[in-house]
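Heads up: the structure comes next, in structure tokens.
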2 protein chains.
Amino acid sequence: MTAPTTPVRQASVRAHNLALVLHTVANGADRPSRAAVAAATGLTRATVSALVDDLVAGGLLVEVAPPPRTGAGRPAVGLALTSTGPAGLGLEINVDYLAACVVDLTGTVRHRYVEHADQRPADPERSLAALGGLAARARGAAEADGLTVTGAALAVPGLVTDGLVRVAPNLGWQDVDAVAALRAVPELADLPVTVDNEANLAALGELGATGGNPTFLYVSGEVGIGAGLVLSGELYRGVRGWSGEIGHVTVYPDGRPCRCGARGCLEQYAGQEALEHDVPLAAAALGIALSVVVNLLDVPVIVLGGAYVPVFAALREGIGVELRRRVLTAGLAPVELRSAELGADAAMRGAADTVLRVVREDPAAWLRRGA
Amino acid sequence: MTAPTTPVRQASVRAHNLALVLHTVANGADRPSRAAVAAATGLTRATVSALVDDLVAGGLLVEVAPPPRTGAGRPAVGLALTSTGPAGLGLEINVDYLAACVVDLTGTVRHRYVEHADQRPADPERSLAALGGLAARARGAAEADGLTVTGAALAVPGLVTDGLVRVAPNLGWQDVDAVAALRAVPELADLPVTVDNEANLAALGELGATGGNPTFLYVSGEVGIGAGLVLSGELYRGVRGWSGEIGHVTVYPDGRPCRCGARGCLEQYAGQEALEHDVPLAAAALGIALSVVVNLLDVPVIVLGGAYVPVFAALREGIGVELRRRVLTAGLAPVELRSAELGADAAMRGAADTVLRVVREDPAAWLRRGA
DNA sequence: GGGGATTTGTTTAGTGGTTGAATTATTTGA
DNA sequence: TCAAATAATTCAACCACTAAACAAATCCCC
């Protein structure tokens with residue numbers, strides 16, 4: 001049972017319907033009129049007018065020329081998301097680069113900075129200071145464009161709980177308070193900052209990019225292997241935020257010893273190192289692990305990212321063989337296997353998107369803030 | 001993003017708050033007063049009074065003597081769920097028995113009928129006719145008690161999609177319209193009837209029984225092995241309803257051939273037949289498969305049901321060894337491994353609960369009906 | 001080229017549901 | 001016996017939505 005725990009009042013109705021209208025303009029027809037939004041949502045035109053007026057006044061929607069139309073009637077006024085409203089700052093720190101980007105409400109990447117440099121010799125403070133500089137530059141550029149950066153999110157290749165990076169083996173980090181380090185940069189001090197696992201955020205990035213199927217598994221091949229599971233458009237993090245550890249899924253119970261202490265973990269067969277030595281082996285191991293996921297969760301789409309993107313063509317068939325053999329329902333509907341569309345930018349884009357998601361899901365809060 | 005797709009109006013506010021009050025009375029303090037409900041929910045006492053009056057008039061709540069209290073003040077009136085309101089009819093058909101039960105809003109099993117008989121020689125029509133008779137008797141007895149049976153749900157050991165039993169290997173069924181067969185019984189003709197997989201419903205039964213952790217995996221050992229995954233109190237069915245096929249999860253990639261065509265499926269090592277021959281093998285295989293689930297989904301609790309219940313003590317340690325070895329976060333928090341509390345009744349109870357869930361989640365619909 | 005048809009968007013009265021403050025009800029304790 | 005305390009109800013105010021009428025702007029056809 002979905003446990004209802006919060007009361008609902010009139011203000012909640014408005015908040016919900018504001019989000020509904022915003023969502024309809026964003027994901028529905030192209031530059032819809034108020035009347036079209038009313039028809040699509042089931043609200044009356046009067047209500048939609050009032051809601052739209054609020055959203056326009058609050059700087060989330062703009063009135064634009066509508067798409068051409070034939071037939072009689074008063075011409076419509078088109079509606080679209082602003083490109084001069086709230087923006088999300090997406091950050092990423094990885095083994096060999098730092099990156100920052102600013103994405104506006106329309107999903108356009110407005111600024112993008114990447115700094116290639118091996119982060120491993122540096123200590124966390126140093127890497128985070130450099131990233132902070134990049135972030136400050138990106139924010140400055142965005143605000144010069146009239147954007148309001150409402151928050152930042154950082155993607156790291158490691159385990160994150162309670163806002164702390166518990167362990168990021170490939171960076172050599174342990175218990176790093178990345179949020180505090182970033183907020184120590186004066187230009188970012190007032191900004192809400194969050195951290196999350198790279199695979200989780202990359203999954204959200206792909207979700208936004210494809211706009212298609214809202215249920216899929218994103219598998220990110222790096223030194224280790226991480227996964228982000230998106231169910232019905234929501235990232236599933238697990239009860240304690242420890243989901244997605246596909247790298248340590250058992251593939252061959254008595255196989256190669258893994259650094260985690262177990263044997264036969266996927267990582268030993270399809271991690272970056274193994275991938276460089278034996279692609280068919282990696283494909284078979286991935287296929288076995290993915291078949292398990294599909295049998296358990298009925299996930300119709302799997303997206304491969306990170307180090308798998310350049311070798312996707314070579315992996316595809318080997319994975320497909322195992323999926324067809326081992327997925328019980330493979331005969332009823334084949335599993336779709338795709339390469340990530342955003343490539344290396346997926347995590348950073350997903351990070352920026354988490355910031356904007358807050359605005360999209362609760363535009364009323366943004367309107368209050370502006371007032 | 002949770003895509004908002006439906007408009008909200010004042011009536012939805014009332015519907016939500018009615019559900020909120022009902023939920024608070026059901027799952028909150030013992031026999032709370034209106035004032036206590038107001039404090040627990042955040043609604044005002046005026047609003048709670050109005051909502052409670054509706055629920056009492058509609059026959060979902062009753063006023064009862066409150067729990068003893070000390071101190072000054074006007075004495076409270078306690079609130080509790082009725083035991084003479086809506087009731088759910090839970091049905092189960094399995095290899096060697098038919099069963100029906102009636103559960104009231106408080107969760108009490110009011111009537112229970114079990115008929116032991118091997119269903120395999122019989123054809124589906126015959127089994128369903130017999131079950132229909134049992135169901136009709138149960139409904140009659142319930143209504144003689146003043147209960148209103150609002151629907152029925154049937155648990156079957158097979159794959160169900162779109163309300164049809166596609167295949168139930170152990171019963172020898174294929175493409176059976178069980179709903180139609182049950183509704184052909186005159187005493188059930190007016191009743192909404194649903195069918196679902198046995199493991200799914202058993203998982204929901206356990207959810208209701210424990211009331212504890214709302215995220216767990218229920219594994220049902222029968223001839224085959226099924227699983228019901230409950231995430232945050234919701235059964236996760238998968239995009240097409242094909243989730244939970246843990247029996248065909250690969251445990252030993254080059255292992256025993258399975259009737260599904262693949263090799264090394266869990267079912268070959270921990271299905272009922274294997275279980276009778278080699279308990280340690282079953283435990284190890286289960287441990288491997290369950291470690292995969294925990295690594296992927298961060299599920300903190302696993303409940304073993306069906307044929308695993310009688311041998312749980314013998315399985316426990318063998319499974320635990322693999323979990324401790326293979327779950328990456330086992331050191332941070334151990335995985336809780338439990339035996340099903342409802343035993344063989346879990347599926348039937350869960351089925352009855354799905355009927356009542358409708359009333360609990362949308363009491364407003366029930367009130368409209370009564371009016 | 002003028003008038004009706006058509007569609008968009010706004011205005012206005014009405015309804016439903018919640019809030020908050022005042023009121024009534026009923027007990028304990030000094 | 002009366003003040004304090006707690007429970008529950010009443011009532012005016014408010015807010016957001018609906019429905020229907022109205023105003024605005026265009027097309028189309030004779």
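Each chain gets a letter, A, B and so on, in the order its sequence line appears, and its residues count up from 1.
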Proximal nucleotide (of [options]) relative to the [X] side chain:
X	options	value
A:Arg74	C:dT18, D:dA16, D:dA23	D:dA23
B:Ala11	C:dG17, D:dC17, C:dT18	C:dG17
A:Ser49	C:dG20, C:dG16, C:dG9	C:dG9
A:Ala72	D:dA19, D:dT26, D:dA16	D:dT26
B:Arg34	C:dT7, D:dC17, D:dA8	D:dA8
B:Ala46	C:dA21, D:dT18, C:dT18	C:dA21
B:Asp53	D:dC17, C:dG17, D:dT9	D:dT9
A:Arg14	C:dT19, D:dA8, D:dA16	D:dA16

> Any side-chain donor-acceptor pair under 3.5 Å between A:Thr108 and A:Thr106?
Replying inline: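 A:Thr106 and A:Thr108 do have a side-chain donor-acceptor pair below 3.5 Å.
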Are [X] and [Y] packed together at the side-chain level, in the sense that at least one heavy-atom pair is separated by less than 4.5 angstrom?
X	Y	result
A:Leu61	A:Leu81	yes
B:Leu105	B:Pro86	yes
B:Arg110	B:Ser83	yes

Select base, sugar-phosphate, or nothing to describe what [X] touches, counting heavy atoms under 4.0 Å on all strands.
X	answer
B:Arg45	base
A:Val77	sugar-phosphate
B:Ser33	sugar-phosphate
B:Ala76	sugar-phosphate

Nearest-Å distance, [atom1] ([X]) to [atom2] ([N])?
X	N	atom1	atom2	value
A:Glu63	C:dT10	CD	C1'	13 Å
B:Leu20	C:dT18	CG	P	11 Å
A:Arg69	D:dA25	CZ	P	14 Å
A:Leu18	D:dC15	CG	C1'	13 Å
A:Asp54	C:dT10	CG	C1'	15 Å
B:Arg368	C:dG16	CZ	P	14 Å
A:Leu79	C:dG9	CG	C1'	11 Å
B:Gln10	D:dC14	CD	P	17 Å

>> Pick the closest DNA chain C nucleotide for A:Ala35 and for A:Arg9 by heavy atoms, then say which residue is nearer the 5' end.
In response: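 Nearest nucleotide further toward 5': that of A:Ala35.
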> Taking the nucleotide of DNA chain C with the closest heavy atom to each, which residue, A:Ala50 or A:Pro7, is nearer the 5' end?
Replying inline: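 In this pair, the answer is A:Ala50.
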> Would you say A:Thr47 reaches D:dC17's phosphate, i.e. side-chain N/O to OP1/OP2 under 4.0 Å?
Replying inline: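 No, no such contact exists.
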> Quick one: is C:dT18 close enough that its OP1 or OP2 comes under 4.0 Å of any side-chain N or O from B:Asn17?
Replying inline: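 Looking at the OP1 and OP2 atoms of C:dT18, one of them is under 4.0 Å from a side-chain N or O of B:Asn17.
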> How far does CG of A:Leu60 sit from CG of A:Leu18, to the nearest 0.5 angstrom?
Replying inline: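 Rounded to the nearest 0.5 Å, the CG-CG separation comes to 9.0 Å.
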> Quick one: do A:Asp190 and A:Arg139 make a salt bridge, cutoff under 4.0 Å?
Replying inline: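 Yes, A:Asp190 and A:Arg139 are salt-bridged.
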